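Read the structure below first, then the notes.
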Amino acid sequence: MKHQPGGPSSRQIRVTGRVQGVAFRAWTRGQARKLGLAGWVRNDADGSVTALLHGEAAAVENMINACWTGPGAAEVRDVQATPATPPEWDDFRILR
């Protein structure tokens, strides 16, 4: 499915590296809200962080690019993004 430039986009991302215990979820929520995105972020049992990002395509791409850096103490190894279903709400939440 192709998205129109500037149209809505939903992507799920998985961020690996040193991304837990470094305020990555709070940073993600703050950045997502600044970009007007809906979705969620959570820590996963394997040490990664997963997030669902939904909003204007350019804002989603900006968020994915920002996740390569993350907050100051993070050491991001990889960011994988896949198409996703939009969330059922219009704000951005930390799930766990």
Side-chain angles (χ1 to χ4, degrees):
M1 172 171 78
K2 290 189 173 183
H3 296 287
Q4 296 297 320
S9 176
S10 296
R11 305 285 292 279
Q12 183 166 309
I13 63 168
R14 181 172 180 264
V15 185
T16 57
R18 184 171 174 238
V19 294
Q20 289 190 15
V22 295
F24 205 97
R25 291 175 300 159
W27 174 87
T28 300
R29 180 177 59 188
Q31 295 297 311
R33 286 179 173 174
K34 285 180 192 175
L35 290 167
L37 300 178
W40 51 261
V41 61
R42 70 172 187 232
N43 282 342
D44 290 325
D46 65 1
S48 67
V49 169
T50 299
L52 174 66
L53 311 170
H54 176 76
E56 291 300 311
V60 170
E61 290 305 314
N62 286 342
M63 185 69 214
I64 293 169
N65 289 335
C67 284
W68 278 97
T69 303
E75 295 174 11
V76 176
R77 185 179 321 118
D78 192 29
V79 179
Q80 298 174 351
T82 56
T85 302
E88 296 179 7
W89 52 80
D90 59 4
D91 64 346
F92 200 89
R93 305 174 183 182
I94 294 175
L95 297 185
R96 63 172 185 256

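As the structure is a computational prediction, the values presented were derived from the model and not from experiment.
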Same apolar cluster: Trp68 and Val22, side chain cutoff 4.5 Å: yes
Check residues 23-39 and write down every donor-acceptor pair under 3.5 Å in which the side-chain atom is one partner and the other belongs to a residue at least two apart or another chain.
{"residue": "Arg25", "atom": "NH1", "partner": "Arg96", "partner atom": "O", "Å": "2.3"}
{"residue": "Thr28", "atom": "OG1", "partner": "Phe24", "partner atom": "O", "Å": "2.7"}
{"residue": "Arg33", "atom": "NH2", "partner": "Phe92", "partner atom": "O", "Å": "3.1"}

Val41 side chain reached by Val49 side chain, heavy atoms, under 4.5 Å: yes
Within one Ile-Leu-Val-Met-Phe-Trp-Tyr cluster: Leu53 and Trp89, side-chain cutoff 4.5 Å: no
Intermediate values then yes/no, side-chain contact (heavy atoms from CB on, under 4.5 Å), Thr16 and Glu75: CA-CA 9 Å; Thr16 57; Glu75 295 174 11; over 6 Å; no
Distance-minimising heavy-atom pair for Val19 and Val15: CG2-O, 3.5 Å
Side-chain heavy atoms of Ser9 within contact of His54, under 4.5 Å: no
Single-linkage hydrophobic cluster Ile13~Leu52, side-chain heavy atoms < 4.5 angstrom: no
Gap separating the CZ atom of Arg42 from the OG atom of Ser48, nearest 0.5 angstrom: 8.0 Å
Contacts of type side-chain hydrogen bond (donor to acceptor under 3.5 Å, both in side chains), residue Asp91, not counting sequence neighbours: Arg93
Residue pair Val76 / Cys67: nearest heavy atoms and the distance that separates them: CG2-O, 3.3 Å
Qualifying salt bridge (Lys or Arg N to Asp or Glu O under 4.0 Å) pairs with a residue from residues 60-70, counting only residues at least two apart or across chains: Arg11-Glu61
Exercise: do Thr50 and Asp44 side chains pair donor with acceptor under 3.5 Å: yes
Validation row: Gln80, Thr82 side chains within 4.5 angstrom (heavy atoms): no
Exam field: side chain Gln12 to backbone Pro83, donor-acceptor pair closer than 3.5 Å: no
Which atom of Ala81 lies closest to which atom of Ile64, heavy atoms considered: CB-CD1, 4.0 Å
